[in-house]
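Comments concern the structure below.
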Amino acid sequence: MSSFMPLWRTRLVLLVILLLLFGLGYRLIYLQLSEQAFLKNQGDLRMVRTETDPAHRGMILDRNGEPLAVSTPVESIWINPSFFPELSNEQVTALSALLDLREPALRKKLSASKGRKFVYLKRQLPPEQAQKVLELGLKGLYSKREYKRFYPAGEVAAHVIGFTNTDDEGQEGVELAFNDWLKGSSGERKVIKDLQGRVIRHIKQVSESEDGKDLVLSIDLRLQYLAYKALKESVIKHRAESGSAVVVDVNTGEVLAMVNQPSYNPNDRSRLKVSDLRNRAITDTFEPGSTIKAFTIATALESGRYAASTKVNTSPGYIRVGRKTIRDHSNYGKLDLTGIIKKSSNVGTTKLAQNLGSDLIWLTLFKAGFGQAPGTGFPGEGNGMLPMQRKFRPIELATLSYGYGLSATPLQLAGAYTAFGNNGERPELTLMSRSEVSKIEGIRSESVMSERVASQVLLMLETVTEKGGTATRAAVPYYRVGGKTGTVHKVGQGGYQDDAYIAYFAGIAPISKPRYSVVVTINGPSGDRYYGGEVAAPVFSGIISAAMRLNNIPPDSFDGLK
């Protein structure tokens, strides 16, 4: 047999090889020319990624430019489990220590990450701490730039400012209410990553990030600190369940301070109680009690049927209305309208209401803002309740005249009292600093009473803090101040509780040139002292005394020099 392949067979093999080479060449040319876009797209899907450039959240500032919320750069540690190695015990110990995680928690997280491409190990670490983690040199472990919110005032301004979550989204307070304004918009950029997820080249910037805008509040941080201190001391001293205090500029409606107890530290929420999150000054409603008597007196003066000197006989210290008996603390005999305010006479205001009727009193309270949301935009803002009835029963009219049967938040009450210090006008409340534009264009307000009546009631309120009044502890040396106490029984499951109270004080200062409207609420004081004049009035005195010093307001009374 011949050892050589027949010529025809050799030619056949060569032909097959040539056909295969031709087919391969044709396929290559086809793929390059016809499928280039497809291949590029498939390559991009495997290598090109779109990454987010986080926006810098806007700062929150007080009216004087002091920071209340700022964002600081942090690093979040993540892994690509596909490339992350099995760790030795020593490596787990080292990594958990640097991440501030317990070893069992880290092992559980690593075990649950199998089959995934992206897993956070720890969010928002300080950059220097993240760098130490990266220096471990573990394959498939990376860091990502983010921002973390920091609150310099801590618990003092917590209920106003609120906080953000780990994704920098507002969750409470101003951070939530103005989230869209503060957060800005993230940018995007295209990058090429290797199989382990590491960025090896920046291709192009798709869109630029737009930082959030700063927000300037009406809050004065100095006054906020001092109000918080005075409130906290009173709540602790009287072993109260909670407390609130609000300070409003009577001319502009700006909220200068808003504090609550108990509070929380927004920088460390590891032990946070959900109940502590509530901004009680703006969400919790209560029956305002005798603080409403000032509006009943204003209605009487506005009607033209009464003058400040008009006498009302309150003897024998009680009055029967239907089946109910309404009492004063003592038999005050004949009182003029000033005396009714000074002695806080329930009998006096009841007799006024019987003569005036429900329509006039209801209208005054409505114009003062009761039963309506203050309109600050704060989440959970309370409306309170002002009963809307065609006809009040005699006992309902009587109790309405001295503050029962309606409800309000501390902020609503402070807003209502601004009318006494602002010539009868109630300015629109705001947590934002009034801009130059709003100052030029004017501030929206509601006319509650005439300037004449507001001035008369203001002088009556001053007598409450003087000798013989119910709130001498609200007095401030060298300054004329005024206000009204309130003490109401708390409402329980079975109705009003005999031994549980809420104490209030609502006041204006200074009387000669009003600037501040202040409301203090002490909820559930324990012990023998529970009246507004004993519990809440001293907090008002402390806040106003501090406000006068801070703003260099000259004294308008020299009684303290005698």
Side-chain angles (χ1 to χ4, degrees), residues 285-314 319-326 335-338 340-341 344-375 382-409 412-413 415-420 422-428 444-458 460-461 484 486 488 506:
T285 59
F286 56 87
E287 289 181 308
S290 293
T291 59
I292 292 299
K293 289 174 181 174
F295 297 97
T296 303
I297 295 294
T299 305
L301 292 169
E302 198 74 50
S303 72
R305 304 176 197 173
Y306 295 87
S309 59
T310 301
K311 299 286 187 179
V312 176
N313 188 5
T314 65
I319 184 173
R320 292 282 297 180
V321 179
R323 297 181 180 180
K324 301 291 183 180
T325 300
I326 296 171
L335 294 173
D336 60 13
L337 266 58
T338 299
I340 290 175
I341 284 284
S344 195
S345 172
N346 294 332
V347 175
T349 52
T350 296
K351 288 193 170 184
L352 291 177
Q354 288 175 333
N355 181 264
L356 294 168
S358 59
D359 289 349
L360 290 179
I361 294 176
W362 186 93
L363 184 59
T364 298
L365 293 173
F366 181 78
K367 290 191 293 186
F370 294 102
Q372 307 162 68
N383 295 342
M385 186 275 291
L386 180 62
M388 298 184 68
Q389 299 172 216
R390 274 190 169 184
K391 188 174 181 180
F392 284 76
R393 292 185 297 134
I395 188 61
E396 292 172 335
L397 175 57
T399 56
L400 184 68
S401 73
Y402 55 85
Y404 281 81
L406 74 160
S407 64
T409 66
Q412 279 181 305
L413 185 57
Y417 261 68
T418 59
F420 297 123
N422 191 37
N423 302 318
E425 299 287 323
R426 175 177 61 87
E428 182 182 39
R444 287 186 293 177
S445 62
E446 172 76 25
S447 180
V448 180
M449 63 195 75
S450 67
E451 183 177 344
R452 173 186 60 84
V453 168
S455 177
Q456 287 179 301
V457 176
L458 192 63
M460 295 178 185
L461 292 172
K484 189 70 193 74
V488 300

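Keep in mind the model is a prediction, meaning the values are calculated, not measured.
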- Task: Any chance you could measure Asp359, atom CG, to Thr299, atom OG1, to the nearest 0.5 Å?
- Result: 11.5 Å
- Item | Val347 backbone acceptor or donor facing Thr314 side chain under 3.5 Å | no
- Under 6.0 Å from the CD atom of Glu451, do we count more than 12 heavy atoms belonging to anything else shown? no
- Item | Worked verdict on Thr364 versus Leu360 for side-chain contact (heavy atoms from CB on, under 4.5 Å) | CA-CA 6 Å; Thr364 298; Leu360 290 179; 5.7 Å; no
- Is the closest side-chain heavy-atom distance between Tyr402 and Thr350 below 4.5 Å? yes
- Heavy atoms only: give me the nearest Asn383-Ala373 pair and the separation to one decimal. OD1-CB, 3.0 Å
- Message: Counting C-beta onward and ignoring hydrogens, is there a side-chain heavy-atom pair between Leu386 and Gln372 closer than 4.5 Å?
- Response: no
- Phe286 meets the ring pair (Phe, Tyr, Trp, His ring centres under 6.0 Å) criterion, sequence neighbours left out, with Tyr504
- Item | Nearest atoms (heavy-atom pairs only) where Val488 meets Pro288 | CG1-C, 4.5 Å
- Message: Donor-acceptor pair, distance only, cut-off 3.5 Å: does the side chain of Lys351 make one with the backbone of Asn313?
- Response: yes
- Task: Looking only at non-hydrogen atoms, find the nearest pair between Ile326 and Ala398 and report the distance.
- Result: CD1-CB, 3.6 Å
- Taking all heavy atoms of Ala294 and all of Leu461, pick out the closest pair and write down the distance. CB-CD2, 4.1 Å
- Message: Just so I know, are the side chains of Val321 and Gln354 near enough to count as touching, which here means a heavy-atom distance under 4.5 Å?
- Response: yes
- Check the angle between the aromatic planes of Tyr417 and Phe295 and answer parallel, tilted or perpendicular using the 30° and 60° thresholds. perpendicular
- Task: To the nearest 0.5 angstrom, please state how far the OG1 atom of Thr325 sits from the CG atom of Asn346.
- Result: 12.5 Å
- Task: Over 60° means perpendicular and under 30° means parallel, so classify the ring planes of Phe366 and Trp362, tilted if in between.
- Result: parallel
- For the side chain of Gln412 and the backbone of Pro374, is there at least one donor-acceptor N/O pair under 3.5 Å apart? no
- Does any N or O in the side chain of Thr285 come within less than 3.5 Å of the main-chain N or O of Gly384, such that one atom is a donor and the other an acceptor? no
- May I have all residue pairs that pass salt bridge (Lys or Arg N to Asp or Glu O under 4.0 Å) and include part of residues 393-403, sequence neighbours excluded? Arg393-Glu396
- Query: How long is the gap from CG on Leu337 to NZ on Lys293, to the nearest 0.5 Å?
  - Reply: 13.0 Å
- Query: Roughly how far apart are Leu406 CG and Met385 CE, rounded to 0.5 Å?
  - Reply: 6.5 Å
- In Å, rounded to the nearest 0.5 Å, how long is the span from CZ of Phe370 to OG1 of Thr409? 9.0 Å
- Closest non-hydrogen atom pair between Gly424 and Ala454, with its separation: N-CB, 3.4 Å
- Message: Can you tell me which residue among Leu397, Thr349, Ile292 is in a side-chain contact (heavy atoms from CB on, under 4.5 Å) with Ile361?
- Response: Leu397
- Could you check if a side-chain atom of Pro427 sits within less than 4.5 angstrom of a side-chain atom of Thr418, using non-hydrogen atoms only? yes
- Message: Testing the basics here: between Met449 and Ala419, what is the closest heavy-atom pair and its distance to 0.1 Å?
- Response: CE-CB, 4.4 Å
- Query: Donor-acceptor pair, Ser455 side chain versus Arg452 backbone, under 3.5 Å?
  - Reply: no
- Query: Under a 4.5 Å cut-off applied to non-hydrogen side-chain atoms, are Lys484 and Ser344 in contact?
  - Reply: yes
- Item | Sub-4.5 Å side-chain heavy-atom contact between Ser358 and Leu400 | no
- Query: Residues in salt bridge (Lys or Arg N to Asp or Glu O under 4.0 Å) with Glu302, at least two apart?
  - Reply: none
- Message: In the structure I gave you, are the side-chain heavy atoms of Met460 and Leu301 within less than 4.5 Å of one another anywhere?
- Response: yes
- Message: Would you say that Ser445 contacts Arg426 through its side chain, given a criterion of any heavy-atom pair below 4.5 Å between the two side chains?
- Response: no
- Message: Let me confirm one number: the CD1-OG1 distance from Ile341 to Thr338, rounded to the nearest 0.5 Å.
- Response: 8.5 Å
